[in-house]
Undergrad: 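First, the structure itself, so that you have it in front of you.
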2 protein chains.
Amino acid sequence: MNIGEVAERSGIPTKTIRYYEDIGFLHPKRNENGYRIFEETELHKLTFIGRARSLGFNIEECRALLALYEDKERGSSDVKRIAAEHVREIEAKISDLLAMRDTLTHLINACAGDHRPDCPILDSLSNAKH
Amino acid sequence: MNIGEVAERSGIPTKTIRYYEDIGFLHPKRNENGYRIFEETELHKLTFIGRARSLGFNIEECRALLALYEDKERGSSDVKRIAAEHVREIEAKISDLLAMRDTLTHLINACAGDHRPDCPILDSLSNAKH
DNA sequence: CTAAGGGTTCCAGCAACTGGAAGGTCAAGC
DNA sequence: GCTTGACCTTCCAGTTGCTGGAACCCTTAG
């Protein structure tokens, strides 16, 4: 399988696949003309990484998950720990964003939004009322 | 005022203040030894930017808000539009994160988390059940 | 023979800083 | 006068996770 087919089947762009090779996620063989040749297992790995990334795991977390995925001796508790830690991070981001949204929504509701220059949004940004 | 005092009073690190000068947010004068000298108005600007950044506005949005802030003729509707657009972006992020959290929480609950290698989290990442 | 559509490498850039090196300036203490 | 330490300066490089582009090679079809 060439890189284009892998890209199509995994949904990951060729650029990104080459990048993943650079950072050591994959080690595809090469044929005599220098092209990368991918096995099914490499396609599976890429799909795995793609799903983990779409769930918001960062590269280092993906690396850890991939190592656990390939280690037949590991217990599920390690995976669970990584996932639980990740959920905590997600929840922290969510509450930050909720706080931002509430503050902004409040300011927007207080703002006339017309041609007059009075604007509670700018006032709040410039005055210290945190 | 030197940069250190501005940093202290605005809560923005000196490195970041210099960066903000680089990207054209500020134009502090220099005295004969080359040190930046800041006026109160520059301190206010920095505080303004700091608040906008902490509300999640990106640099370009800050630039727009700053321009509106300094334009005494502008109407509040422009500001309101920027803020409302920003709220929409925040809400999109929130729903992405909520979906991630729900998926992961579901997987974590299905995972024994013990020494056995069976792990629904990894299974889900590797099998196509999207 | 040429063109299209693969593939390869390497270099640069995005956002928004942050860290570090190498050096100039200033005030205080000895 | 000298040193020490806290300031300040500039410039360069690194962060994360790619993405775009240039310049080039390989293969196949018309």
Side-chain angles (χ1 to χ4, degrees), chain A residues 1-39 42-43 45-66 86 89-90 93 96-97 100, chain B residues 1-39 42-43 45-66 86 89-90 93 96-97 100:
Chain A
M1 231 183 316
N2 280 349
I3 198 168
E5 189 181 342
V6 180
E8 175 133 359
R9 288 177 60 188
S10 68
I12 296 173
T14 59
K15 280 276 190 188
T16 306
I17 295 172
R18 294 197 192 96
Y19 170 70
Y20 285 164
E21 183 185 356
D22 276 357
I23 63 174
F25 277 178
L26 311 165
H27 307 282
K29 296 198 180 71
R30 304 294 181 114
N31 68 15
E32 66 279 358
N33 64 12
Y35 287 18
R36 289 166 182 83
I37 34 181
F38 295 86
E39 308 292 330
E42 259 126 4
L43 176 59
K45 258 199 207 179
L46 275 168
T47 311
F48 179 96
I49 296 166
R51 293 222 179 82
R53 295 283 303 125
S54 79
L55 281 173
F57 288 97
N58 67 25
I59 292 292
E60 285 315 306
E61 287 167 333
C62 286
R63 204 187 292 281
L65 288 171
L66 206 52
H86 188 51
E89 287 166 13
I90 289 174
K93 276 187 202 160
D96 280 0
L97 289 171
M100 279 184 209
Chain B
M1 230 184 320
N2 280 348
I3 198 169
E5 188 181 343
V6 180
E8 174 132 2
R9 288 178 61 189
S10 68
I12 295 173
T14 59
K15 280 274 186 188
T16 306
I17 295 172
R18 294 197 192 97
Y19 170 71
Y20 285 164
E21 183 185 358
D22 276 356
I23 63 174
F25 278 178
L26 310 165
H27 307 281
K29 297 199 180 72
R30 304 294 180 113
N31 69 14
E32 67 279 357
N33 62 13
Y35 287 19
R36 287 167 183 83
I37 33 182
F38 294 86
E39 309 293 330
E42 259 126 3
L43 176 59
K45 257 198 208 180
L46 275 169
T47 310
F48 180 95
I49 297 166
R51 294 222 179 82
R53 294 283 302 125
S54 79
L55 281 173
F57 288 96
N58 67 26
I59 291 292
E60 284 315 305
E61 287 167 334
C62 286
R63 204 187 292 280
L65 288 171
L66 206 52
H86 189 52
E89 287 166 15
I90 290 173
K93 275 186 203 162
D96 280 358
L97 288 171
M100 277 183 211

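By convention in this document, chain letters (A, B, ...) are assigned in the order of the sequence lines, proteins followed by strands, and residues within each chain are numbered from 1. These values consider heavy atoms only, across backbone and side chains, with no hydrogens, waters or symmetry-generated copies.
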Undergrad: Could you tell me from which nucleotide to which nucleotide of DNA chain D, 5' to 3', there is an atom under 4.0 Å from chain A heavy atoms?
TA: D:dG17 to D:dT27
Undergrad: Side chains of A:Arg51 and A:Thr47, heavy atoms from C-beta outward: is any pair under 4.5 Å?
TA: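 In contact.
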Undergrad: If the helix axis at each end comes from five base pairs, how far does the helix from C:dC1-D:dG30 to C:dC30-D:dG1 deviate from straight, to 10°?
TA: 40°
Undergrad: Under the 3.5 angstrom rule, does the side chain of A:Thr16 hit a backbone N or O of A:Ile12 as a donor-acceptor pair?
TA: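 Between the backbone of A:Ile12 and the side chain of A:Thr16 there is no qualifying donor-acceptor contact (under 3.5 Å).
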Undergrad: Could you measure the distance from the CE atom of B:Met1 to the CG atom of B:Leu43? Nearest 0.5 Å is fine.
TA: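 The distance works out to 5.0 Å.
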Undergrad: Identify the heavy atoms of A:Glu61 and A:Glu89 that sit nearest to each other, and give their distance.
TA: OE2-OE1, 3.6 Å
Undergrad: At what distance, to the nearest 0.5 angstrom, does CG of A:Leu46 lie from CG of A:Leu66?
TA: 9.5 Å
Undergrad: Over all heavy atoms of both residues, which pair between A:Arg63 and A:Ile23 is shortest? Give the atoms and the distance, please.
TA: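 Result for this residue pair: NH1-O, 2.9 Å.
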Undergrad: Do you know the tightest heavy-atom contact between A:Phe48 and A:Leu65?
TA: CZ-O, 3.9 Å
Undergrad: From the 5' end of DNA chain C to its 3' end, which nucleotides mark the outer limits of contact with chain B, defined by a 4.0 Å heavy-atom distance cut-off (strictly under)?
TA: C:dA16 to C:dC26
Undergrad: Is the shortest side-chain heavy-atom distance between A:Lys29 and A:Arg36 below 4.5 Å?
TA: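 No; the side chains remain at least 4.5 Å from each other.
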Undergrad: Does B:Glu5 come within less than 4.0 Å of B:Arg9, counting only side-chain N to carboxylate O?
TA: yes
Undergrad: Give me the residues of residues 53-60 of chain B where at least one heavy atom lies under 4.0 Å from an atom of DNA chain C, by number, or none.
TA: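 Heavy-atom contacts with DNA chain C come from B:Arg53, B:Asn58, B:Ile59.
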Undergrad: Tell me whether B:Arg53 contacts the main-chain N or O of B:Cys62 through its side chain, where contact means a donor paired with an acceptor under 3.5 Å.
TA: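 No, the answer is negative, given that no donor and acceptor are paired below the 3.5 Å cut-off.
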Undergrad: Can a donor-acceptor pair be found, under 3.5 Å and without considering hydrogens, that links the side chain of A:Lys45 to the backbone of A:Phe25?
TA: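 Answer holds: yes.
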Undergrad: For DNA chain D, which residues of residues 26-33 of chain B approach it to below 4.0 angstrom with any heavy atom?
TA: B:Arg30
Undergrad: Looking only at heavy atoms, what is the nearest atom pair of B:Leu55 and B:His86, with distance?
TA: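 That would be O-NE2, 3.1 Å.
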Undergrad: Should A:Tyr35 and A:Ile3 count as side-chain neighbours, where that means a heavy-atom distance under 4.5 Å?
TA: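 Not touching, per the 4.5 Å side-chain cut-off.
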Undergrad: Check whether A:Asn2 reaches the backbone of A:Gly4 with its side chain - one donor and one acceptor, N or O, closer than 3.5 Å.
TA: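 No; judged by distance alone, with no hydrogens or angles, the pair does not exist.
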Undergrad: State, to 0.1 Å, how close B:Ile59 and B:Tyr20 come at their nearest heavy-atom pair, and which atoms those are.
TA: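 Nearest heavy atoms, B:Ile59 then B:Tyr20: CD1-CE2, 3.9 Å.
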Undergrad: Quick one: do B:Ile17 and B:Phe38 satisfy side-chain contact (heavy atoms from CB on, under 4.5 Å)? Show the steps, please.
TA: CA-CA 11 Å; B:Ile17 295 172; B:Phe38 294 86; 3.8 Å; yes
Undergrad: Please find the pair of heavy atoms, one from B:Leu26 and one from B:Glu21, that lie closest to each other, and give the distance.
TA: O-CG, 3.6 Å
Undergrad: Expected output is a numbered-order residue list: members of residues 11-23 of chain A with a heavy atom under 4.0 Å from any atom of DNA chain D. What is it?
TA: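 Result for residues 11-23 of chain A: A:Pro13, A:Lys15, A:Thr16, A:Tyr19, A:Tyr20, sorted by number.
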